[in-house]
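Numbered from 1 within each chain, the chains take letters A, B, ... in sequence-line order.
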Protein chains: 2
Amino acid sequence: MGENALLAGQNAPLEKVTHRSVKDEVAERFATLIASGVLNVGDALPSERELAATMGVSRETIRGALLILSTKGIVSVVQGARTKVVSDDVGGLGLSAFFSGRVTDYALEDVHEGRLMVEERVARLAAQRVDAATISELEKLIDKQTAAMGDPVRFLIADRAFHTTIYQSCGNAVLSDLATTLYSYQLDHRRRAIGATGAIAQSIEDHRVILAALKAGDADALAEGLGIHERRIYDSTRAVLSTSEQKASK
Amino acid sequence: MGENALLAGQNAPLEKVTHRSVKDEVAERFATLIASGVLNVGDALPSERELAATMGVSRETIRGALLILSTKGIVSVVQGARTKVVSDDVGGLGLSAFFSGRVTDYALEDVHEGRLMVEERVARLAAQRVDAATISELEKLIDKQTAAMGDPVRFLIADRAFHTTIYQSCGNAVLSDLATTLYSYQLDHRRRAIGATGAIAQSIEDHRVILAALKAGDADALAEGLGIHERRIYDSTRAVLSTSEQKASK
DNA sequence: CCAACTGGTCCGGTTATTAGACCACTAGAC
DNA sequence: GTCTAGTGGTCTAATAACCGGACCAGTTGG
């Protein structure tokens, strides 16, 4: 891939890094506890020293987070007295991150099962909601895949674009992002598996079946097609892992 | 809740804050691109100045991230020449965060739909895999909920424990964490909705139905019970949001 | 050979975070 | 009312991370 493709254009992989300070993250933790009712109005917080020890940050950082909250009228901080919750209106503060586990924190089987479930749902919605422009885009991506028969890397680029385009057409951002994340999990192993003889051809064939079902608006066929495809990917991923484990154990 | 419960014990809400630097995050971004095949061995990266501009960080930060990668033998950095990928073995580097969107980034309808889907799957697995100890724990939590009839906060604490205990019993960490995250999304609104007359009683009744289905190992009844419960929550959450919007628009 | 572009180094600055010490206030026990 | 333990408040010194910019030295392609 030319380096310009990394920097700009549709689905450019490199984006701005948005970074939150530790203080901000601690403030959000408190806000989440208040929003969820774990802490409520009138409750006293543990002392700053205890919070610092428990959360593994400095007392200064805790104080900074509490300053954020007291500025918004959520907690009351008084010298000598315990800090207290005085309002449960945490509006304006982001709640804690949605789901911040690392991809590698989960077992392959769990991810596989999750992906099957999400993709089936995505498939059914996409079959109902896909438009002609998306169908056309997917056709072009199949052509790109065919052109990349002998080039696993270029194939995977088109593969990813193919899958994420379908995910996005389901019309539900939560499901689309979930599906994309679960898809991405297997990319590392996938790249090694795709080198096997006939693997690319098989994937392209699967993709043709998927696209045909989408064009027909056939939700059952689409869900089945994606399911078969995903199981094949799962099997080849396991084979790669098994080979790596055998090598690692020698 | 006593503040000691925040600090220690089972399911203690306050945990250590693990914070990654911007440099670490950038290094992981590169590692993910390499693992996924977007970048492969032999590819030259964009220049440090271009990367800095695109990712919105300083050139120094980019250089630090590349130092991490060159130390691991993943990229080759040579004065005057373009930085190149020399290995795709990114083992040891965490891939980018699983799914780092904020809860509040998604439409309520999307989250609701996602939660319905995940909980149905979780329900079916839990019905098969739940053990006697978990059933006993859930019974105790129903008792706690009943005891909290006039206390919305205490009720929500037991409510949360009830749901997350079911999620954990499904045996799939991905699905369990997803379900927990989607559940948490509505907590802020839920707390306001739970104050409505009869809301707690209705929830407890729903929970009894859910527990009965779980005890019977009846996956269909469990999925249906959770679905009905979740739709009721969705409706009450929307009512709260609608009221808030009306107030905000005055 | 040369110019343009690259990485390498350095500087001055800001911000964030840390650990610790000490001061002043609060609240509960007596 | 007094006293003490525990609380928050302030300050210091230090380190780390990050930033923006300038300038030097090496590479590469024309």
task = Kindly write out the residues that satisfy side chain to side chain donor-acceptor pair (under 3.5 Å) with A/T146, not counting sequence neighbours, or none if the list is empty.
result = A/R208

query = Taking only residues two or more places apart in sequence or in another chain, which ones pass side chain to side chain donor-acceptor pair (under 3.5 Å) with B/S76?
reply = none

request  = Sequence neighbours left out, what passes salt bridge (Lys or Arg N to Asp or Glu O under 4.0 Å) with A/E139? Give chain and number order.
outcome  = A/K215

Between [N] ([atom2]) and [X] ([atom1]): distance, integer Å:
{"X": "B/L67", "N": "C/dG8", "atom1": "CG", "atom2": "P", "answer": "9 Å"}
{"X": "B/E48", "N": "D/dC23", "atom1": "CD", "atom2": "P", "answer": "19 Å"}
{"X": "A/R63", "N": "D/dT7", "atom1": "CZ", "atom2": "P", "answer": "13 Å"}

Under 3.5 Å, sequence neighbours excluded: what are the donor-acceptor pairs made by side chains of residues 60-69 of chain B?
unit_1 : atom_1 : unit_2 : atom_2 : d
B/T61  : OG1    : B/S58  : OG     : 3.1
B/R63  : NH1    : B/E48  : OE1    : 3.2
B/R63  : NH1    : B/E48  : OE2    : 3.0

remark   = Protein-proximity profile, nucleotides 17-30 of chain C, B/S/- by nucleotide at the 4.0 Å heavy-atom cutoff, equals SB--BB-BBBS---

query = Is there a side-chain polar atom (N or O) of B/T83 under 4.0 Å from OP1 or OP2 of C/dT6?
reply = no

inquiry  = Students often mix this up, so state it plainly: with edges at 30° and 60°, are the rings of B/H207 and B/H163 parallel, tilted or perpendicular?
reply    = perpendicular

message = A/K84: which residues meet the side-chain contact (heavy atoms from CB on, under 4.5 Å) condition with it, sequence neighbours left out?
response = A/A44

